[in-house]
Amino acid sequence: MTPVEVTELGSHVGSEVLIQGWLYNKRSSGKVRFVLVRDGTGLVQGVVTPDADPTAFELADSLPQESTLRLTGTVRTEPRAPGGYEISVTRIEPLHVPKAPFPIGLKEHGTGFLMDHRHLWIRMRRQTPVLRIRDGVLWAIRSFFRERGFVATESPVLVGTSVEGTTTLFPLDYFGTPAYLSQSGQLYLEATCAALGKVYWIGPVFRAEKSKTRRHLIEFWMAEGEQAFLDHVGNLALQEDLVRYVVEAVAAEHSRDLAELERDPAVLLREVGGPFPRITYHEAVALVQKAGVSMAVGDDFGAPAEDALSQHFGRPVFVERFPAVIKPFYMKRDPERPDLALCADLIAPEGYGEIIGGSQRVDTEEELLRQLREAGLPIEPYDWYLDLRRWGAVPHAGFGLGVERTVQWLAGIAHIREAIPFPRTLDRLYP
RNA sequence: UCCUCGGUAGCUCAGUUGGCAGAGCAGCCGGCUGUUAACCGGCGGGCCGGAGGUUCGAGUCCUCCCCGAGGAGCCA
């Protein structure tokens with residue numbers, strides 16, 4: 001018999017099917033036994049009675065959690081069953097029977113224990129929908145860029161230069177030459193964008209920050225776009241279109257996953273329904289101060305400040321034109337206000353924090369040399385990057401979107417560690 | 001790096017002014033013909049994070065160390 005996936009059961013009502021999966025839970029009530037089977041696509045309940053196969057009846061009692069099995073039976077519509085369908089089981093074929101109890105029970109566990117068992121934890125009910133939503137976010141980003149004519153051009157992960165400041169680099173030995181894990185693919189995207197016009201990449205980046213918060217990972221995925229002949233204003237429009245596209249795609253294609261997480265898609269669609277407000281850095285500081293959060297002009301926004309902004313607007317908000325001194329060397333200055341950078345951060349609603357950082361880039365050699373020096377960076381490793389301003393210099397702009405923070409927002413989960421299969425957090429490299 | 005709270009059964013936790021080590025879940029045995037993290041009865045299960053100290057006596061008080069969680073700073 002051809003195996004059927006749990007999500008396809010609706011089109012097999014009344015016929016006999018074969019389900020391949022793992023025993024998630026079992027219950028019994030006298031002479032009726034219930035087996036809850038997961039197959040990766042969903043959960044289905046099988047009902048086993050003694051008038052079915054007596055072997056199946058015995059197995060429904062004795063098999064431990066996370067046994068691998070094949071289940072044969074007839075599909076029925078059943079409102080009492082989770083998922084709406086139920087299988088009247090005729091046969092259970094165990095493929096693997098664990099010798100020890102599964103470490104992750106259905107009751108409460110502490111975070112440390114769950115993180116030690118992350119490789120098993122991802123099988124559990126609240127984890128699989130998040131990972132499917134992550135897949136939806138990544139596919140939506142790719143199809144957005146593809147529809148707009150962007151070319152995927154990968155940036156290297158092993159690099160010789162810093163993008164985001166030297167204190168958060170992971171150093172390594174590249175056959176005797178100092179090297180680092182990439183903090184961002186941006187500099188290389190600026191090169192490929194001069195070759196192909198519109199480019200993007202999605203990949204892992206690394207920040208050796210001693211951060212220990214619900215919105216930080218040491219290794220996280222960035223989706224970065226870079227476009228030639230694009231200015232600051234066009235950059236914001238591109239970012240806004242991308243975020244709206246991703247939210248609408250996930251709301252449409254992952255309603256079942258969102259429902260399992262008790263996340264209302266209508267809330268997300270409302271948040272991206274209208275234009276995203278755009279305020280300047282200085283307006284944002286004033287708003288934050290008015291909300292009672294202490295911060296000075298010249299500070300970057302901390303978590304409480306971002307939360308105040310996100311609470312005030314209730315939708316994604318762009319904060320633009322930061323003081324150049326607190327931003328990286330590659331950002332172009334505002335011609336009207338040379339002390340400000342032509343940049344913007346996009347703050348997600350509901351306190352999920354900054355999900356995008358972007359800017360128009362410096363496009364002349366003189367300006368770039370000056371800003372490298374001001375940042376105290378050596379010139380030589382950036383010589384290739386300066387070449388981009390020596391031949392075919394072009395106004396260009398781009399941004400980086402944090403994939404896990406976006407997943408965190410859409411899935412409505414409290415901590416970023418659940419937004420990636422195997423999170424790399426401070427002091428945690430196992431599993 | 002700093003601040004706060006924790007570490008007791010496989011897991012989640014309780015443990016009174018210092019005086020015999022406890023519960024729920026999981027496991028095992030039994031019961032129940034519609035369970036929804038099922039329920040009911042029974043059984044087994046402990047280097048109380050580690051090292052020192054105070055005391056007749058320490059899970060409990062003190063010192064140091066190790067580990068975990070939450071938050072800050074910084075960032076996406």
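Labels below follow one simple rule: chain letters A, B, ... track the order of the sequence lines, proteins then strands, and each chain is numbered from 1.
Closest approach to the A/Arg76 side chain among B/rA76, B/rU33, B/rG34 is made by B/rG34 (side chain taken as heavy atoms from C-beta onward). Candidate nucleotides B/rG73, B/rA37, B/rC75 were compared by shortest atom distance to the side chain of A/Thr213, and B/rG73 ranks first. Side chain of A/Ser29, nearest nucleotide from B/rC75, B/rG34, B/rG73: B/rG34. Closest to the A/Phe34 side chain, of the nucleotides B/rA76, B/rG34, B/rC11, is B/rG34. You'll find that the side chain of A/Val47 is closest to B/rG34, out of B/rA76, B/rA72, B/rG34.
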Could you go through nucleotides 22-29 of chain B and list every protein N or O atom that sits under 3.5 Å from one of its N or O atoms, giving the distance for each pair?
none

Are there any protein N/O atoms within less than 3.5 Å of an N/O atom in nucleotides 68-70 of chain B, and if so, which ones and at what distance?
| from | atom 1 | to | atom 2 | distance (Å) |
| --- | --- | --- | --- | --- |
| B/rG68 | O3' | A/Arg428 | NH2 | 3.4 |
| B/rA69 | OP1 | A/Arg428 | NH2 | 3.2 |
| B/rG70 | OP1 | A/Arg417 | NH1 | 3.0 |
| B/rG70 | OP1 | A/Arg417 | NH2 | 2.6 |
| B/rG70 | OP2 | A/Arg417 | NH1 | 3.4 |

Between the protein and nucleotides 40-46 of chain B, are there any N/O to N/O pairs under 3.5 Å, and if so, what are the atom names and distances?
none

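Residues forming a salt bridge (Lys or Arg N to Asp or Glu O under 4.0 Å) with A/Glu306 (at least two apart in sequence, or on another chain): A/Arg215. For A/Ser211, the side-chain hydrogen bond (donor to acceptor under 3.5 Å, both in side chains) criterion is met by A/Glu209, not counting sequence neighbours. For the side-chain contact (heavy atoms from CB on, under 4.5 Å) test, residues two or more places apart in sequence or in another chain that qualify with A/Glu350 are A/Arg263, A/Val267, A/Glu271, A/Tyr352, A/Trp409. The side-chain contact (heavy atoms from CB on, under 4.5 Å) search around A/Trp22 returns A/Arg38, A/Glu66, A/Thr68, not counting sequence neighbours. With sequence neighbours excluded, the residues forming a side-chain hydrogen bond (donor to acceptor under 3.5 Å, both in side chains) with A/Trp139 are A/Asp135, listed by chain and number.
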Next on the checklist: For RNA chain B, please output the secondary structure as dot-bracket, reading 5' to 3'. Pairs are Watson-Crick or G-U wobble, both atom distances under 3.5 Å; mark crossing pairs with [ ], other-strand partners with |, unpaired with a dot.
Outcome noted: (((((((..((((.....[..)))).(((((.......))))).....(((((..]....))))))))))))....

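Place A/Glu108 and A/Lys31 on RNA chain B by their nearest nucleotides, and A/Glu108 ends up nearer the 5' end. Between A/Pro103 and A/Arg33, the residue anchored closer to the 5' end of RNA chain B is A/Pro103, taking for each the nucleotide with the nearest heavy atom.
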Donor-acceptor contacts under 3.5 Å from residues 370-377 of chain A side chains, at least two apart:
| from | atom 1 | to | atom 2 | distance (Å) |
| --- | --- | --- | --- | --- |
| A/Gln371 | OE1 | A/Arg333 | NE | 3.2 |
| A/Gln371 | NE2 | A/Phe329 | O | 2.6 |
| A/Gln371 | NE2 | A/Met331 | O | 3.1 |
| A/Glu374 | OE1 | A/Arg333 | NH2 | 3.2 |

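Checked by atom type and distance alone, the side chain of A/Gln65 pairs as donor or acceptor with a backbone atom of A/Ile104 at under 3.5 Å.
A/Gln408 has its side chain out of reach of A/Arg134: every pair of non-hydrogen atoms, C-beta onward, lies at least 4.5 Å apart.
Contacts of residues 347-356 of chain A with RNA chain B (heavy atom under 4.0 Å): A/Glu354, A/Ile355, A/Ile356.
With hydrogens and angles ignored, no donor-acceptor pair closer than 3.5 Å exists between the side chain of A/Arg27 and the base of B/rC32.
Between A/Phe399 and A/Phe145, the ring planes are parallel. Angles under 30° get that label, and only those over 60° would be called perpendicular.
Pairs passing the salt bridge (charged side-chain N to carboxylate O under 4.0 Å, His left out) check and including a residue from residues 42-51 of chain A, sequence neighbours excluded, do not occur.
Counted by atom type alone, A/His12 and A/Ser15 present zero donor-acceptor pairs between their side chains at under 3.5 Å.
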